[in-house]
Amino acid sequence: MLSIDAAAHSSRWRRRHPVDKAVLGLGLTLLAVVLPPWPGAALVLVAALAVLLGPARVPAGRLWRAYRVPLGFCVTGAVTLLVRVGGPDLVGLAPDGAVQAGELLLRSSAASLGVLVFAFTTPMSDLLPRLVRAGVPAAVVDVAVVTYRMAFLLLDAVRQVRQAQAARLGHTTRAAAWRSLGGLGATAFVRAFDRAGRLQSGLAGRGYDGTLRVLVPPTRVSGGFVGGSLALLVAIAVLGTALEGPLS
């Protein structure tokens with residue numbers, strides 16, 4: 001199981017309705033996009049961190065391991081704004097590159113944290129079955145459920161094969177590592193088809209009629225939680241707009 005998925009299953013907000021957490025997490029993401037980078041996106045970033053480390057009680061180490069991947073993409077995208085291509089010098093520093101890079105980094109990193117607020121508190125197994133009630137076609141949800149399940153099975157198979165290769169000194173040299181990588185890809189491909197065949201046989205034996213029926217724990221949307229989330233979002237929007245200024 002992925003670290004972020006394990007954190008979502010053990011979250012103290014696990015039993016809350018996904019709508020509650022979507023209002024807060026996706027609302028923060030939306031504010032990071034529409035508000036001025038400074039101080040709007042900065043306020044969103046601080047608020048998202050406070051929610052994750054405070055009420056949601058996400059361990060700081062686990063949050064950093066999940067956040068550093070999107071943060072790396074944010075930094076990579078921001079660095080490109082520092083360079084200007086063209087003109088007499090062909091390549092040089094952009095006149096306002098530092099400001100634009102800082103604004104982009106603030107927006108993207110704050111938006112990523114907003115998404116993580118939802119991801120760290122809402123398991124996919126709680127979200128996907130409810131999408132049918134929201135109007136998403138059942139066939140699309142079924143494909144998503146199966147893909148989600150198969151992803152974990154394949155990751156587990158890859159981990160087992162890598163451990164077996166390492167125990168047989170399959171990574172001692174560069175040539176051996178490349179051979180092991182090829183064997184890993186071939187084994188994962190074969191196991192994927194085997195898993196798919198077994199899944200199809202299992203579904204057929206259980207009378208599969210085109211719809212996967214999943215029991216969903218009964219939960220209700222909390223008016224207090226949604227109201228508090230909206231109040232926080234409005235406060236950030238008002239404060240970010242009132243203090244709008246250039247990033248310098």
Side-chain angles (χ1 to χ4, degrees), residues 1-11 13-15 17-18 21-22 25 58-59 61-73 76 112 115-116 118-219:
M1 182 177 289
L2 296 177
S3 176
I4 191 170
D5 198 70
H9 278 277
S10 60
S11 171
W13 287 353
R14 163 73 192 279
R15 300 304 175 186
H17 198 282
K21 296 167 283 189
V58 177
R62 182 172 287 180
L63 174 61
W64 168 245
R65 287 192 294 272
Y67 184 49
R68 62 187 179 185
V69 175
L71 182 61
F73 283 100
T76 302
S112 299
V115 174
L116 288 180
F118 184 74
F120 265 107
T121 56
T122 310
M124 293 296 291
S125 57
D126 290 350
L127 174 64
L128 290 176
R130 290 184 169 92
L131 292 180
V132 178
R133 303 177 185 176
V136 179
V140 176
V141 176
D142 290 348
V143 171
V145 170
V146 173
T147 303
Y148 177 71
R149 173 61 178 164
M150 288 294 295
F152 285 103
L153 294 176
L154 289 178
L155 286 174
D156 183 63
V158 169
R159 180 184 58 81
Q160 293 177 2
V161 173
R162 285 185 60 85
Q163 289 180 347
Q165 290 175 340
R168 292 168 175 80
L169 304 179
H171 302 149
T172 53
T173 63
R174 180 175 298 181
W178 280 109
R179 285 194 300 269
S180 297
L181 181 62
L184 176 63
T187 303
F189 183 78
V190 172
R191 289 197 178 189
F193 272 88
D194 178 63
R195 296 274 190 177
R198 290 163 58 185
L199 178 61
Q200 182 179 4
S201 300
L203 290 174
R206 291 167 174 80
Y208 177 64
D209 59 357
T211 302
L212 292 173
R213 294 173 177 82
V214 180
L215 292 177
V216 180
T219 55

Where [X] and [Y] come nearest, the two heavy atoms and their spacing:
X    : Y    : value
A8   : R14  : O-CD, 3.8 Å
G183 : Q165 : C-NE2, 4.1 Å
V161 : L184 : CG1-CD1, 3.5 Å

Atom [atom1] of [X] and atom [atom2] of [Y]: how far apart are they, to the nearest 0.5 Å?
X    : Y    : atom1 : atom2 : answer
T122 : H9   : OG1   : NE2   : 10.5 Å
Q160 : T187 : CD    : OG1   : 11.5 Å
L181 : H171 : CG    : NE2   : 8.0 Å
R162 : R159 : CZ    : CZ    : 11.5 Å

Using a 3.5 Å distance criterion without hydrogens, assess whether the side chain of S180 forms a donor-acceptor pair with backbone atoms of A176.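 Confirmed, S180 side chain pairs with A176 backbone.
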Main chain of A164, side chain of R168: is a donor-acceptor contact present, judged purely on distance under 3.5 Å?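 Checked: pair present.
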Does any part of the side chain of W13, heavy atoms only, come nearer than 4.5 Å to the side chain of V58, both counted from C-beta?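 Heavy-atom side-chain distance check fails, nothing below 4.5 Å.
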Do S11 and F120 come close enough that some side-chain heavy atom pair is under 4.5 Å?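 S11 vs F120: side chains apart.
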